[in-house]
Amino acid sequence: MQKATIKDFNFNNKKVFVRVDFNVPLKDKKITDDNRIEAALPTINYLLENGATLILASHLGDPKTEEDKELLNMEAVAQRLSELLGKKVLKAPSCIGKEVKDMVDNLKKGDVLLLENTRFHKGEKKNDPDFAKELASYADVCVNDAFGTAHRAHASNCGVAELLPCYAGFLMEKEIDMIGNTLENPKRPFIAILGGAKVSSKIGVIENLLTKVDTLLIGGAMVFTFARALGYETGNSLVEEDKIELASELIKKAKKAGKKLIFPVDFICADKIEENVKTKICPIQKIDKGLIGLDIGPESLKIFEKELINAKTVVWNGPMGVFEIDIFAKGTKKIANIMAKLKDARTIIGGGDSAAAVNQFGLESKMTHISTGGGASLEYMEGIELPGIKAIKDAQ
Ligand code: ADP
Ligand code: MG
């Protein structure tokens, strides 16, 4: 389904409610990484260049107590955004109420007003219609550029979009194209690489991707639940006992659908998850008693490389090993490097830790797309229609 984007509407002299993702990491009320604010600039600047007046809204963290409210206000964000835009960003003391309404009424063309943390209001997560109505009353039209919350039906992304026509901002448009359209219409061969800690958190993704891909490569700790389903010995590796049956089903499903489901053949193993421990390479059929499989081994990487080299589309979610520790990062690093070198292929990374790994290796600019939404990108890869995307107008 194609969605309407900000290119499809004339924003001149319009007040625009923009749901952005300013959910930045903070330490002592200071922003430690302003990537998300920077990422929103193309949409904000486009709207301003096209004659709009902006009311920006975002959540920040997950405030629960009064103390959180003190820590998670939007003051630092407003200041950083002012610097990045090179113009004063007004900050509202709340999201609703007379004072905010007056500020909105006094906005002039080209002004930018940032509302307070939307999650300071109970109505946000409940998608309360009255809260949404107040937010919508500020504007003629709304824009959603917050992919990271697209899997949640909250007031600021869904409620408002029921009351105002909603257009996708540039970030949202890119995610829809890169994840949604790629899964619907991939260039082949289409290979997915899945890894990470738990098979249980990726079942939906595996099931959906199995219907779309030509080949599925599995790495990370989730392999060992499959290994047990195959009757192998997994030592002390992470196995989800209650998912062995399901892993067995997935193997059968893949076979029936004629998909290649490829597991590693060897692992870097150790008896503890620590820097500088002694490691041993074990075959998938038999991890030694007392050892944990912590990264995919060299033979596995050769097999994975041979598959990947011809791919035209690669979707990757979940590290191949405990990449946070150097001696177990080789598999993840090698996969990232193979992807980085592919020519004429669309390479897409989803998932918080996978994105962090690619950034850690300094390869982010070599990938076609690194999704900004952790939970949202996973649910999108499961083939679930995300409420935040559904709420955006369909393209004409
Ligand atoms: P993403 O956030 O990209 O979706 P996950 O959260 O599913 O990825 O998984 C990431 C975690 O999986 C990492 O913290 C990594 O250390 C862990 N992991 C990967 N392989 C193994 C393994 N063999 N044993 C234990 N943990 C692993
Ligand atoms: Mg994760």
**Q** Classify the angle between the aromatic ring planes of F323 and F361 as parallel (below 30°), tilted (30 to 60°) or perpendicular (above 60°).
**A**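 Perpendicular.
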
**Q** Short question: side chain of N185, backbone of N181 - any donor-acceptor pair under 3.5 Å?
**A**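 No; zero donor-acceptor contacts below 3.5 Å.
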
**Q** side-chain hydrogen bond (donor to acceptor under 3.5 Å, both in side chains) with R346: which of T368, T313, T182?
**A**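 Only match with R346 under side-chain hydrogen bond (donor to acceptor under 3.5 Å, both in side chains): T182.
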
**Q** Considering residues at least two apart in sequence or located in another chain, which fulfil the side chain to side chain contact (heavy atoms under 4.5 Å, CB included) criterion with T65?
**A**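 Here the qualifying residues are E67, D68.
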
**Q** Other residues, nucleotides and ligands only: do more than 12 of their heavy atoms fall within 6.0 Å of NZ on K280?
**A**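 At most 12 heavy atoms, drawn from other residues, nucleotides or ligands, come within 6.0 Å of this atom.
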
**Q** Answer yes or no: is there a donor N or O on one side and an acceptor on the other, between the side chain of D214 and the main chain of F190, under 3.5 Å?
**A**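 Yes; judged by distance alone, with no hydrogens or angles, the pair exists.
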
**Q** With sequence neighbours left out, write down each residue that passes side chain to side chain contact (heavy atoms under 4.5 Å, CB included) with A4, or none if nothing qualifies.
**A**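 If we apply the side chain to side chain contact (heavy atoms under 4.5 Å, CB included) test to A4, skipping adjacent residues, the hits are D8, Y167, K393.
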
**Q** Is N157 reaching over with its side chain to a backbone N or O of R152, donor-acceptor style, under 3.5 angstrom?
**A**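 Confirmed, N157 side chain pairs with R152 backbone.
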
**Q** Side chains of D33 and N35: any donor to acceptor distance under 3.5 Å?
**A**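 There is such a pair (donor and acceptor under 3.5 Å, judged by atom type) between the side chains of N35 and D33.
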
**Q** Are any of the side-chain nitrogens in R36 or D21 under 4.0 Å away from the carboxylate oxygens of its partner?
**A**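 Judged by the 4.0 Å cut-off on N to carboxylate O distance, R36 and D21 do form a salt bridge.
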
**Q** Please check this pair: side chain of T43 against backbone of F170, looking for a donor-acceptor N/O pair closer than 3.5 Å.
**A**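 It does hold such a pair.
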
**Q** Are E305 and K302 within salt-bridge range, i.e. N to O under 4.0 Å?
**A**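 Here E305 does not pair with K302 in a salt bridge, since their nearest N and O are not under 4.0 Å apart.
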
**Q** Measure from the side-chain N and O atoms of S82 to the backbone N and O of K88, and report whether any donor-acceptor pair falls under 3.5 Å.
**A**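 No; zero donor-acceptor contacts below 3.5 Å.
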
**Q** Between V143 and L171, is there shared hydrophobic-cluster membership here, with clusters defined by ILVMFWY side-chain heavy atoms closer than 4.5 Å?
**A**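 The answer is no; the residues belong to distinct hydrophobic clusters.
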
**Q** Are any of the side-chain nitrogens in K101 or E134 under 4.0 Å away from the carboxylate oxygens of its partner?
**A**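 Salt bridge: no.
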
**Q** Tell me whether K15 at atom NZ has more than 12 heavy atoms from other residues, nucleotides or ligands lying less than 6.0 Å away.
**A**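 Atom NZ in K15 is crowded, with more than 12 foreign heavy atoms closer than 6.0 Å.
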
**Q** Considering the options R19, H121, H154, which one meets the side-chain hydrogen bond (donor to acceptor under 3.5 Å, both in side chains) requirement together with H59?
**A**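 Among R19, H121, H154, the one meeting side-chain hydrogen bond (donor to acceptor under 3.5 Å, both in side chains) with H59 is R19.
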
**Q** Checking one residue: F131. Which other hydrophobic residues are in its cluster under the side-chain 4.5 Å linking rule?
**A**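 F17, I55, L90, I96, V100, M103, V104, L107, L113, L115, L135, Y138, V160, L164, which link up through side-chain heavy atoms under 4.5 Å apart, make up the rest of the cluster.
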
**Q** Donor-acceptor check, side chain of T225 to backbone of E240, threshold 3.5 angstrom: yes or no?
**A**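 It does hold such a pair.
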
**Q** When you check the gap from the basic side-chain N to the acidic O, do R119 and E124 get nearer than 4.0 Å?
**A**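 No, this pair does not count.
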
**Q** My understanding is that only residues two or more places apart in sequence, or in another chain, count here; which of them pass side chain to side chain contact (heavy atoms under 4.5 Å, CB included) with L230?
**A**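 Y232, I251, F263.
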
**Q** Counting distance only, does the side-chain N/O of K260 pair as donor-acceptor with the main-chain N or O of E307 below 3.5 Å?
**A**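 Here the side-chain-to-backbone pair does not exist.
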
**Q** Once rounded to the nearest 0.5 Å, what's the spacing between atom CZ of R228 and atom CD of E245?
**A**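 The distance works out to 12.5 Å.
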
**Q** Test question: given the 4.5 Å side-chain rule for I, L, V, M, F, W and Y, name all other residues clustered with L238, or answer none.
**A**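 Members besides L238: none; it forms no cluster.
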
**Q** What distance do Y46 atom OH and I6 atom CD1 have between them, rounded to the nearest 0.5 Å?
**A**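 Result: 6.0 Å between the selected atoms.
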
**Q** So do K29 and L26 actually touch side chain to side chain, heavy atoms under 4.5 Å?
**A**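 In short, these two side chains do not touch, never coming nearer than 4.5 Å.
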
**Q** Would you mind listing every side chain to side chain donor-acceptor pair (under 3.5 Å) that reaches into residues 315-331, with sequence neighbours excluded?
**A**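 Passing the test, one end in residues 315-331: K202-N317.
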
**Q** Please answer whether the main-chain N or O of A78 pairs with a side-chain N or O of K91 as donor and acceptor at a distance below 3.5 Å.
**A**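 Between the backbone of A78 and the side chain of K91 there is no qualifying donor-acceptor contact (under 3.5 Å).
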
**Q** Treating N23 as the side-chain partner and G61 as the backbone partner, does any N or O pair qualify as donor plus acceptor under 3.5 Å?
**A**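 The answer is yes, because a donor-acceptor pair under 3.5 Å joins these two groups.
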
